[in-house]
Protein chains: 2
Amino acid sequence: MFQALADPNRRQMVQRLCEGPASVSELAAPLAMTLSAVVQHLSVLEGAGLVRTQKIGRVRTCQLDTQALRAAERWISERRALWERRFDRLGAFLAEQDQDVKQGDEP
Amino acid sequence: MFQALADPNRRQMVQRLCEGPASVSELAAPLAMTLSAVVQHLSVLEGAGLVRTQKIGRVRTCQLDTQALRAAERWISERRALWERRFDRLGAFLAEQDQDVKQGDEP
DNA sequence: AGGTTGGTGAAGCATGCGCTTAAGTATCGT
DNA sequence: ACGATACTTAAGCGCATGCTTCACCAACCT
């Protein structure tokens, strides 16, 4: 999942897909590389559950699947919240200590 | 940044650092690999701005830096929002078409 | 002082990743 | 029917990554 988003080209593809569904060649157009390479990137994104595709006739249409994005977002925000809560507790602890100092040790 | 989070071991290190600062060897303890390898992972995380470290005496203490995490979270949530807004517009468009059909074409 | 602990740095190796070329296949337009 | 289009698949190549080992240094402990 993060692996899939690690590559800049893949992120650009995701970016493009934000603005609506696209065929493989549309996706490839702005990406100085072979169609083959794009398909390989695409299959990584698909494997990570980031995009869903369906083939109609000879053209494969791709669109974003936000569920995976949501999962990644949650992972990050959970860790961040965890750390920031800890940070706040530390702040509170320091403030408390500060008060203790002002009032003298164990009065 | 995503590159840095792509590796499971690195994610585990981040996970560990959520629960508070740690020395390099504390970080290494649960991670079936050499200290050397851990330091290398650490420098990747540090390069991505995910952790800050300072060395006191001979022990390097590491802690999370949430700014990078926040940036990643924002990137994801922006794309997701973009896509979901588009999706809603599509829904509205379809609903509108549906109405048009019920009322007959171009009345 | 001398051993132990905690970390550093360089070199080397195996695997994986991103990409290309090349040779298909299936569908579409005329 | 025939060529163009839109992929698909497989093989191969070079470079990055993840890891190890080994030698080393700087605190710390006693």
Side-chain angles (χ1 to χ4, degrees), chain A residues 1-17 19-65 68-69 72 75-76 79, chain B residues 1-17 19-65 68-69 72 75-76 79:
Chain A
M1 170 63 254
F2 283 110
Q3 187 64 267
L5 287 177
D7 185 88
N9 289 315
R10 245 138 37 201
R11 278 201 302 274
Q12 201 178 331
M13 287 167 76
V14 167
Q15 170 75 32
R16 166 64 249 272
L17 285 176
E19 280 138 36
S23 72
V24 177
S25 11
E26 277 169 351
L27 226 44
L31 281 184
M33 66 171 107
T34 324
L35 207 96
S36 234
V38 173
V39 172
Q40 285 167 52
H41 280 307
L42 194 55
S43 80
V44 172
L45 289 172
E46 205 170 356
L50 279 162
V51 309
R52 273 172 306 125
T53 75
Q54 57 177 340
K55 193 162 186 177
I56 297 174
R58 64 185 165 171
V59 26
R60 160 160 261 112
T61 325
C62 318
Q63 42 170 23
L64 227 57
D65 183 353
L69 275 184
W75 190 92
I76 295 181
R79 319 293 136 181
Chain B
M1 170 63 256
F2 284 110
Q3 187 64 269
L5 287 177
D7 184 87
N9 289 316
R10 247 142 32 204
R11 277 200 304 272
Q12 201 177 330
M13 289 168 74
V14 168
Q15 171 75 33
R16 167 63 248 273
L17 285 176
E19 279 138 36
S23 71
V24 177
S25 11
E26 278 170 349
L27 226 44
L31 281 184
M33 66 172 111
T34 324
L35 209 101
S36 234
V38 172
V39 173
Q40 285 168 52
H41 280 306
L42 192 55
S43 79
V44 172
L45 289 172
E46 205 170 356
L50 279 162
V51 309
R52 273 172 306 125
T53 75
Q54 56 178 340
K55 194 163 186 178
I56 298 176
R58 63 183 167 173
V59 29
R60 171 171 304 278
T61 326
C62 319
Q63 42 171 16
L64 226 58
D65 183 354
L69 276 184
W75 190 91
I76 294 179
R79 319 295 134 177

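By convention in this document, chain letters (A, B, ...) are assigned in the order of the sequence lines, proteins followed by strands, and residues within each chain are numbered from 1.
When the side-chain nitrogen and oxygen atoms of B:Ser36 are compared with OP1 and OP2 of D:dT20, none of them lie within a distance under 4.0 Å. Close to C:dA26, at under 4.0 Å from its OP1 or OP2, lies no side-chain N or O of A:Lys55. For the OP1/OP2 pair of D:dT5 and a distance below 4.0 Å, the side-chain nitrogens and oxygens of A:Ser25 include no atom meeting the criterion. Distances shown here put every side-chain N or O of A:Thr34 at or beyond 4.0 Å from the OP1 or OP2 atom of C:dC19. Side-chain N/O atoms of B:Arg10 include none lying less than 4.0 angstrom from OP1 or OP2 on D:dT17. In this model, the phosphate group of C:dT4 is not approached by any side-chain N or O of B:Arg58 to a distance below 4.0 Å at OP1 or OP2.
Counting to the nearest Å, the P atom of C:dG18 and the CD atom of A:Gln12 are 15 Å from each other. Remark: P of D:dC7 and CD of A:Glu26 are 8 Å apart, rounded to the nearest angstrom. As rounded to whole Å, 13 Å separates atom C1' of C:dG9 from atom CG of B:Leu35. If you measure from atom CG of A:Leu31 to atom C1' of C:dG18, you get 13 Å, rounded to the nearest angstrom. Separating the NE2 atom of A:His41 from the C1' atom of C:dG16 is a distance of 14 Å, rounded to the nearest angstrom. For the pair A:Gln3 CD and D:dG18 C1', the computed distance is 12 Å after rounding to whole Å. The distance from atom CE of A:Met33 to atom P of D:dG14 is 20 Å, rounded to the nearest whole Å. Rounded to a whole Å, the CD1 atom of B:Ile56 is 13 Å from the P atom of D:dA27.
With hydrogens and angles ignored, the 3.5 Å screen pairs no side-chain donor or acceptor of B:Arg60 with any backbone N or O of B:Ser23. Distance alone, capped at 3.5 Å, places no donor-acceptor pair between the B:Thr34 side chain and the B:Ala37 backbone. With hydrogens and angles disregarded, no donor-acceptor distance shorter than 3.5 Å links the side chain of B:Arg10 to the backbone of B:Leu5.
If you check D:dT8, D:dA11, C:dG7 against the side chain of B:Arg60, the one that comes closest is C:dG7. Side chain of A:Asp7, nearest nucleotide from C:dA11, C:dG18, D:dC7: C:dG18.
Partner of B:Met13 under the side-chain contact (heavy atoms from CB on, under 4.5 Å) criterion, chosen from B:Asp7, B:Val38, B:Leu64, B:Val51: B:Val38.
Between A:Ala6 and B:Leu42, the residue anchored nearer the 5' end of DNA chain C, judged by the nucleotide with its closest heavy atom, is B:Leu42. Summary of the strand contacts: A:Gly57 and A:Ala37 both lie near DNA chain C, and taking for each the nucleotide with the nearest heavy atom, the more 5' one is attributed to A:Ala37.
Judged by distance alone with a 3.5 Å cut-off, a donor-acceptor contact links the side chain of B:Gln40 to the base of D:dT20.
Summarising the geometry of B:Pro21 relative to B:Arg16, their closest heavy-atom pair is O-NH2, 3.6 Å, with the distance given to 0.1 Å.
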